[in-house]
Asks: 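One structure is given below, represented as structure tokens, and several questions about it will come after.
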Amino acid sequence: MSTQFLRLGVPKGSLQDATINLFGKAGWKIKLHDRNYFPDIDDERIKCSLARAQEMSMYVENGTFDVGLTGMDWIRENKSDVVVVDDLIYSKVSNRKARWVLCVRGDSPYKRPEDLQGKKIATELVGFTREYFASLGVDVDVSFSWGTTEAKVVEGLCDAVVEITETGTTIRANGLRIIAELMQTNTQLIANKAAWADPRKRQLIEEINMLLQGALKASRMVGLKMNLPKSKLAELNGSLPSLNSPTVAELQDPAWLSVEVMVEEKIVRDLIPRLKAFGAEGIIEYPLNKVI
């Protein structure tokens, strides 16, 4: 693949759809093809490839990709020497960090990691887990799990598992109990060192990061537009901090103003009734694609 392009690694698997949706909001349309690891992207400067998140940092380090997205956990697991451009807090479920946790059966006598001396641990995060227990001075047998990790401890194939979770729902559903948190992790935008040193590629990477961050910020916010009596503006600003520095425009009727703000979506259900009580009319809520 020609080095004139920026070679972008898109994580295949659980992060795939969330990543493609995020790029779409940021302004890049990525189109997948069946049985093809090379999606199309509507930017002639970029070439896309799919790779497992677990392997992404190794491909970025060795120059197969100039830039990629993967979890902080896999960068640490692989000990990859890459440039961490920025954090991108998103996942397949939510816009929050995930956790790697140590779990045992609900009826297990184990209450602390130290209680697992000499026991069997199954996980996909083998290297980090070994280092974690070594730092505690606890000798355990850590083996790689190819999937359905939670079931292994339930079936008695191991004494504990180290698994990733966002909400803990799957862990509880499998009758497991968390006894320790090993690491919090989130997606990161990473770059190959040589690509980062190339001014042209670095500029494009920084532009991609800026627009991805703008799309993530917008995903948590909405715009509100309304007509408001001019006499209420000062009072509204003073009582609703989220409305500081709104965009205000005069209307044909001098007693009224057009007011536009951006607020966090989670407060809108409480905010709109309060705006109505202040005399606001014609309140419109609309989604945002990017907030830069």
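Owing to the predicted nature of the structure, the values given are computational and were not obtained by experimental measurement.
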Asks: Carefully, step by step, assess Ser258 and Lys225 under the rule side chain to side chain donor-acceptor pair (under 3.5 Å).
Replies: CA-CA 7 Å; Ser258 174; Lys225 190 171 184 177; 4.8 Å; no

Asks: With a cut-off of 3.5 Å and sequence neighbours excluded, list every side-chain donor-acceptor pair involving residues 127-144.
Replies:
unit_1: Thr129; atom_1: OG1; unit_2: Leu125; atom_2: O; d: 2.6
unit_1: Arg130; atom_1: NH2; unit_2: Val142; atom_2: O; d: 3.1
unit_1: Glu131; atom_1: OE2; unit_2: Lys79; atom_2: NZ; d: 2.5
unit_1: Ser135; atom_1: OG; unit_2: Tyr132; atom_2: O; d: 2.5

Asks: Going by the salt bridge (charged side-chain N to carboxylate O under 4.0 Å, His left out) test, which pairs reach into residues 51-65, not counting sequence neighbours?
Replies: Arg52-Glu124

Asks: Would a distance-only check, ignoring hydrogens and angles, find a side-chain to backbone donor-acceptor pair under 3.5 Å from Lys290 to Lys25?
Replies: yes

Asks: Checking Trp196 now: which residues fulfil side chain to side chain donor-acceptor pair (under 3.5 Å) with it, not counting sequence neighbours?
Replies: none

Asks: Hydrophobic side-chain clustering at under 4.5 Å (ILVMFWY, transitive links): who's grouped with Met58? Put none if nobody.
Replies: none

Asks: Between Asp159 and Lys120 (side chain of the first, backbone of the second, donor and acceptor by atom type, cut-off under 3.5 Å), is there such a pair?
Replies: yes

Asks: Suppose we screen for ring-ring contact (aromatic ring centres under 6.0 Å, His included). Which residues come up paired with Phe65, at least two apart in sequence or across chains?
Replies: Tyr59

Asks: I need the Glu163 CD to Asn174 CG distance, nearest 0.5 Å.
Replies: 9.5 Å

Asks: Is a side-chain N or O of Arg7 found less than 3.5 angstrom from the main chain of Gly63, in a donor-acceptor match?
Replies: yes

Asks: Rounded to the nearest 0.5 Å, what's the gap from OG1 on Thr187 to CE on Met56? Could you check?
Replies: 10.5 Å

Asks: If hydrophobic residues (ILVMFWY) are linked whenever their side-chain heavy atoms come closer than 4.5 Å, directly or via other members, who joins Val154 in its cluster?
Replies: Val101, Val153, Val161, Ile171, Leu176, Ile178

Asks: Would you find a donor on one side and an acceptor on the other, under 3.5 Å apart, between the side chain of Asn36 and the backbone of Phe38?
Replies: yes

Asks: Examine distances only and state if a side-chain atom of Lys31 and a backbone atom of Ile41 form a donor-acceptor pair shorter than 3.5 Å.
Replies: no

